[in-house]
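See structure below.
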Amino acid sequence: MRRPGGDGGLPRRATQTLPMITLALSKGRIYDDAMPLLRAAGVEVLEDPEKSRKLILPTSRPDLRVVLVRASDVPTYVQHGGADLGVAGLDVLLEHGDGLYRPLDLKIARCRMSVAVREDFDYAAAVKQGSRIRVATKYTHTARQHFAAKGVHVDLIKLYGSMELAPLTGLADAIVDLVSTGSTLRANHLVEVEHIMDISSRLVVNPAALKLKREPLRALIDAFEAAVGGAAWQ
Ligand code: ATP
Ligand code: MG
């Protein structure tokens, strides 16, 4: 069995070093928005992921490193101990399911999950008539729950990218996607017809790591919490 942390499996008590903490982040908006929080928690990442090709980045804390993974892989890394903690969008977490301790809303990478259709598609009428609506989305789990709760009949079509294209090509009548300013929808002649939920990124922690590395993880979670609270007035 591999141990959480994956640092070679040497008995920790044999060395004087602190246990290594691994934080999983995804490049792009989550990384960019998490940096001010890390800085406020007293941590500086020592390499720029946009310039370096490294996937493991050292930080100013010798016992803390950052691993760069794809946004939708963050929960998997954390759940199986490839990372002790990570930052992931609520959208990604809801698709992933249970198995993670979720102590904190970091209030970063905020957007909303919405239903959108072509400007010329009468969504309200389709719902009223009880027709089956073809919905393309990356978020099949959340979409299924949303439409089931409303009693709307849907055929879900799983996509991995560019949901906006689906209604334009006739692949689907509607999409479930993340929206922030709405400019992508407008540019593609789509309109938002339902707001499903507000989305932000959350700190997630491996429950076993929280037991094994309780002190340093607790301190880091507290520091994040203070950083989020401190930024709340902005
Ligand atoms: P990948 O690019 O690897 O397929 P992704 O597209 O989900 O993954 P990002 O675009 O970096 O990766 O999004 C990461 C997270 O940021 C999402 O899971 C979501 O929580 C949030 N997010 C996505 N789009 C927006 C947006 N327009 N505004 C704010 N936050 C967003
Ligand atoms: Mg993306």
Side-chain angles (χ1 to χ4, degrees), residues 23-38 45 48-57 66-80 82-83 85-117 135-146 156-167 172 174-205 224 227-228 231-232 234:
L23 169 67
L25 295 176
S26 55
K27 270 210 251 186
R29 83 184 91 226
I30 287 189
Y31 184 91
D32 298 343
D33 287 6
M35 276 314 109
L37 295 177
L38 268 178
V45 182
D48 180 351
E50 298 302 333
K51 293 192 186 126
S52 161
R53 297 173 79 92
K54 285 188 188 165
L55 297 174
I56 302 181
L57 308 177
V66 167
V67 291
L68 298 174
V69 303
R70 199 156 173 181
S72 47
D73 288 338
V74 168
T76 307
Y77 269 82
V78 176
Q79 179 164 1
H80 299 286
L85 71 178
V87 178
L90 182 60
D91 50 320
V92 163
L93 292 172
L94 292 176
E95 292 300 308
H96 179 80
D98 296 334
L100 295 167
Y101 175 52
R102 213 194 287 176
L104 204 57
D105 180 356
L106 298 174
K107 301 181 181 164
I108 58 171
R110 290 168 101 148
C111 52
R112 55 191 186 272
M113 195 181 288
S114 296
V115 181
V117 298
V135 179
T137 187
K138 185 171 164 182
Y139 308 103
T140 46
H141 181 78
T142 310
R144 186 171 291 113
Q145 282 202 325
H146 170 75
L156 291 174
I157 302 164
K158 170 85 182 182
L159 287 180
Y160 293 89
S162 300
M163 265 81 84
E164 308 83 22
L165 194 57
I175 58 172
V176 167
D177 199 3
L178 301 179
V179 184
S180 49
T181 61
S183 57
T184 307
L185 292 183
R186 274 191 298 280
N188 289 293
H189 304 285
L190 301 174
V191 286
E192 223 174 327
V193 286
E194 246 162 35
H195 171 267
I196 300 179
M197 65 177 80
D198 288 326
I199 299 287
S200 58
S201 286
R202 315 293 162 111
L203 187 66
V204 287
V205 183
F224 268 117
V228 176
Q234 283 179 349

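Counting starts at 1 for both ligands and their atoms, in listed order.
- In plain terms, the two heavy atoms of Val193 and Val117 that are nearest each other are CG1-CG2, 3.8 Å.
- Checked against a 3.5 angstrom limit, the closest N/O atoms of Leu90 and ligand 1 fall outside it.
- Considering backbone and side-chain atoms together, Asp91 places an N or O closer than 3.5 Å to an N or O of ligand 1.
- For Ile199, every heavy-atom contact with ligand 1 shorter than 4.0 Å involves the side chain, none the backbone.
- Near Gly89, meaning under 4.0 Å from one of its heavy atoms, ligand 1 places the atoms 20 (O).
- Of all the listed residues (Gly182, Ala71, Ala109, Ser183), Ala109 holds the heavy atom that lies closest to atom 30 (N) of ligand 1.
- Between Ser180 and ligand 1, a contact under 3.5 Å exists for at least one N or O pair.
- Note: no N/O pair closer than 3.5 Å links Ser26 and ligand 1 by distance alone.
- With hydrogens and angles ignored, the 3.5 Å screen pairs a side-chain donor or acceptor of Arg112 with a backbone N or O of Ser180.
- When each atom of ligand 1 is checked for a heavy atom of Arg70 under 4.0 Å away, the hits are 1 (P), 3 (O), 4 (O).
- When each of Leu104, Leu85, Leu93 is checked for a side-chain contact (heavy atoms from CB on, under 4.5 Å) with Val204, only Leu93 meets the rule.
- Looking at Lys138 against ligand 1, only its side chain comes within 4.0 Å, counting heavy atoms.
- For atom 31 (C) of ligand 1, the candidate residues are Lys27, Arg112, Arg29; the nearest heavy-atom contact is made by Arg29.
- The backbone N or O of Glu50 lies less than 3.5 Å from a partner atom in the side chain of Asp48, making a donor-acceptor pair.
- Applying the 6.0 Å contact sphere to CZ of Arg110 captures no more than 12 heavy atoms from other residues, nucleotides or ligands.
- The closest donor-acceptor contact from the side chain of Thr137 to the backbone of Tyr139 lies under 3.5 Å.
- Crowding of Lys51 atom NZ: a count of heavy atoms from other residues, nucleotides or ligands under 6.0 Å not exceeding 12.
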